[in-house]
*Asks:* 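Encoded as structure tokens, here's the structure I'll be asking about.
We're numbering straight along the sequence, starting at 1.
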Amino acid sequence: MVSVSIIGPGRVGGALAVSLPADKYFVEKLVFRGDSDLSTITRLLARQPEVIRLEDLKEISSDVIFITTQDSWIVKVAHELAPKISVNPTVFHTSGSYPSSVLDDLKAVGCETGSIHPLVSISSPELGPTRFPKAFFCVEGTTRAVKIGETIATDLGGRPFSIDTKFKTLYHAAAVTACGHLVALFDSAVEMMTKCGLSPEQAKDILMPLVMSTVQNLSEQSTSAALTGTFARADIETFTRHLTALNENVSDDLLETYLLLGERSLELAAKQGVSAERIDKLRAKVSIAKSKLKW
């Protein structure tokens with residue numbers, strides 16, 4: 001049985017606590033700061049852990065320790081935790097943007113250190129058992145920590161992959177682009193649609209099936225093959241009409257978003273074998289439109 005302590009059992013930490021298979025892992029400590037109600041988590045656990053404030057913690061001897069605090073607290077928590085370590089555990093943080101090197105205070109006292117980041121949205125602890133299965137987990141750190149982290153991810157039903165520690169922040173930027181920026185992009189499309197006289201709710205309902213079909217295409221095809229629409233065809237005539245309509249109805253910021261993504265789409269269109277001549281002509285028109293934006 002692998003003993004586990006979780007420092008900062010919020011949404012992700014709580015989800016780990018209730019999702020780790022009870023036949024293999026025992027959550028023995030939930031460690032928190034300030035005043036926290038952890039009853040939502042503890043009532044879902046077959047064996048009740050010790051619930052204790054970090055400042056009251058004298059010693060910790062778990063096999064695995066997760067630091068699941070907000071990012072800005074990780075280094076401080078690691079520093080405070082170091083003198084309380086009584087064995088040589090493996091310590092992970094779950095930040096997507098910070099590398100495992102922020103745990104160097106713990107590495108210095110003999111801990112194996114790593115990060116394990118579930119690439120999935122967890123808004124409450126109860127969602128862990130349904131969200132973790134099939135999710136990808138980014139694991140990096142010391143050789144032994146990576147091996148243990150991959151086992152944990154697999155035991156959660158997830159799919160682990162590893163990257164070099166130096167690329168951790170770039171990995172997270174990619175994740176933000178695919179998730180957070182996708183939401184921002186969708187919001188931009190909703191705003192454009194409202195200029196047609198629709199409410200934001202109507203615009204969202206109308207656009208959602210289109211987005212879902214695109215995501216389905218992406219799950220089955222390469223990014224270039226999944227591209228459809230005006231830029232996939234290098235359709236200069238339609239682009240010109242778009243440009244007129246956007247200039248008349250939306251802000252320069254939205255127009256710039258459209259143009260910048262159009263340039264990227266043309267790169268994908270080239271991979272589809274679209275006429276290089278048409279792509280070059282459309283790219284030139286996009287460049288001219290960008291130069292006319294107000295800076």
Side-chain angles (χ1 to χ4, degrees), residues 96 117-123 127 130-138 153 157-163 167 170-196 198-243 245-246 249-250 253-283 285-287 289-290:
H117 178 245
L119 202 54
V120 66
S121 179
I122 301 290
S123 56
L127 292 175
T130 58
R131 294 288 173 85
F132 285 148
K134 296 186 179 180
F136 281 95
F137 286 71
C138 180
R159 295 176 284 180
F161 68 98
S162 297
I163 60 171
F167 294 122
L170 179 60
Y171 146 83
H172 191 250
V176 169
T177 301
C179 183
H181 287 3
L182 177 60
V183 174
L185 178 61
F186 185 81
D187 184 67
S188 297
V190 167
E191 182 177 336
M192 290 181 191
M193 194 71 88
T194 61
K195 302 297 183 180
C196 304
L198 299 169
S199 69
E201 294 74 19
Q202 287 175 310
K204 179 182 174 183
D205 288 344
I206 290 167
L207 290 169
M208 188 57 70
L210 175 62
V211 172
M212 296 302 292
S213 64
T214 302
V215 171
Q216 184 64 36
N217 289 342
L218 281 169
S219 71
E220 299 170 353
Q221 300 172 295
S222 66
T223 52
S224 59
L227 184 70
T228 60
T230 301
F231 290 93
R233 302 187 299 271
D235 185 341
I236 298 170
E237 295 76 13
T238 299
F239 167 77
T240 302
R241 294 198 301 274
H242 283 184
L243 192 57
L246 291 168
N249 293 284
V250 306
D253 287 344
L254 284 184
L255 175 54
E256 184 181 14
T257 297
Y258 174 88
L259 294 171
L260 290 172
L261 292 173
E263 289 181 318
R264 183 73 180 199
S265 294
L266 287 175
E267 295 179 15
L268 296 174
K271 295 178 181 178
Q272 285 190 15
V274 175
S275 164
E277 181 181 359
R278 288 185 65 83
I279 288 176
D280 287 345
K281 287 182 179 179
L282 182 48
R283 184 178 285 116
K285 288 185 175 293
V286 171
S287 181
K290 284 174 59 183

*Asks:* Using salt bridge (Lys or Arg N to Asp or Glu O under 4.0 Å) as the criterion, list what pairs up with R159, not counting sequence neighbours.
*Replies:*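 Residues passing salt bridge (Lys or Arg N to Asp or Glu O under 4.0 Å) with R159: none at all.
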
*Asks:* For F132, which residues count as a ring-ring contact (aromatic ring centres under 6.0 Å, His included) partner, sequence neighbours excluded?
*Replies:*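 Testing F132 for ring-ring contact (aromatic ring centres under 6.0 Å, His included), a comparison that skips the adjacent residues, returns F137.
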
*Asks:* What closest approach, in Å, do A178 and L182 show between heavy atoms, and which atom pair accounts for it?
*Replies:*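 The pair with the smallest heavy-atom distance is O-CB, 3.2 Å.
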
*Asks:* About how many Å separate CZ of F231 and CG of L268, when rounded to the nearest 0.5 Å?
*Replies:*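 L268 CG to F231 CZ: 11.5 Å, rounded to 0.5 Å.
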
*Asks:* Between atom CG of N217 and atom OG1 of T223, what is the distance when rounded to the nearest 0.5 Å?
*Replies:*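 With rounding to 0.5 Å, CG (N217) is 12.0 Å from OG1 (T223).
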
*Asks:* Where do A153 and P160 come nearest, in terms of heavy atoms and distance?
*Replies:*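 Closest approach of A153 to P160: CB-CB, 3.8 Å.
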
*Asks:* Are V286 and Y258 side-chain neighbours, meaning at least one heavy-atom pair lies under 4.5 Å?
*Replies:*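 V286 does not reach Y258 side chain to side chain.
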
*Asks:* Considering non-hydrogen atoms only, spot the tightest contact between L119 and A175 and give its length.
*Replies:*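 Here L119 and A175 meet closest at CD1-CB, 3.7 Å.
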
*Asks:* First locate atom CZ of F239, then atom CG of L259, and finally report the distance between them rounded to the nearest 0.5 Å.
*Replies:*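 Spacing of CZ (F239) from CG (L259) equals 5.5 Å.
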
*Asks:* Please report the closest heavy-atom contact between A203 and T194, naming both atoms and the distance.
*Replies:*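 Minimum heavy-atom contact is CB-CG2, 4.5 Å.
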
*Asks:* NE2 of H172 to SG of C179: how many Å apart, nearest 0.5 Å?
*Replies:*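 Rounded to the nearest 0.5 Å, the NE2-SG separation comes out at 9.5 Å.
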
*Asks:* Carefully, step by step, assess H242 and T238 under the rule side-chain contact (heavy atoms from CB on, under 4.5 Å).
*Replies:* CA-CA 6 Å; H242 283 184; T238 299; 3.4 Å; yes

*Asks:* Could you grab the distance from atom CG of L243 to atom CD1 of I236, nearest 0.5 Å is fine?
*Replies:*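 Rounded to the nearest 0.5 Å, the CG-CD1 separation comes to 13.0 Å.
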
*Asks:* Please tell me if the side chains of V274 and L266 come closer than 4.5 Å, counting only heavy atoms from C-beta onward.
*Replies:*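 In short, these two side chains do not touch, never coming nearer than 4.5 Å.
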
*Asks:* Minimum heavy-atom separation for R278 and D235, please, with both atom names.
*Replies:*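 Heavy-atom minimum between the residues: NH2-CA, 3.7 Å.
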
*Asks:* What pairs with E191 under salt bridge (Lys or Arg N to Asp or Glu O under 4.0 Å), at least two apart in sequence or on another chain?
*Replies:*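 Residues passing salt bridge (Lys or Arg N to Asp or Glu O under 4.0 Å) with E191: none at all.
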
*Asks:* Going from CE on M192 to CG on N249, what distance comes out if it is rounded to the nearest 0.5 angstrom?
*Replies:*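 The CE atom of M192 sits 10.5 Å away from the CG atom of N249.
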
*Asks:* With sequence neighbours excluded, tell me which residues meet side chain to side chain donor-acceptor pair (under 3.5 Å) with D280.
*Replies:*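 So D280 forms a side chain to side chain donor-acceptor pair (under 3.5 Å) with R283.
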
*Asks:* With heavy-atom distances below 4.5 Å as the criterion, would you say the side chains of P209 and M212 are in contact?
*Replies:*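 A side-chain contact under 4.5 Å is absent here.
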
*Asks:* For residues Y171 and I163, report the shortest heavy-atom separation together with the two atoms involved.
*Replies:*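 Closest heavy-atom pair between Y171 and I163: CB-CD1, 3.6 Å.
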
*Asks:* Per the side chain to side chain donor-acceptor pair (under 3.5 Å) rule, what does the pair list look like for residues 260-276, sequence neighbours excluded?
*Replies:*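 Listed once each, the pairs are E263-K290.
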
*Asks:* I'd like to check the salt bridge (Lys or Arg N to Asp or Glu O under 4.0 Å) partners of E277; sequence neighbours left out, ordered by chain and number.
*Replies:*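 By the salt bridge (Lys or Arg N to Asp or Glu O under 4.0 Å) rule, E277 matches K281.
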
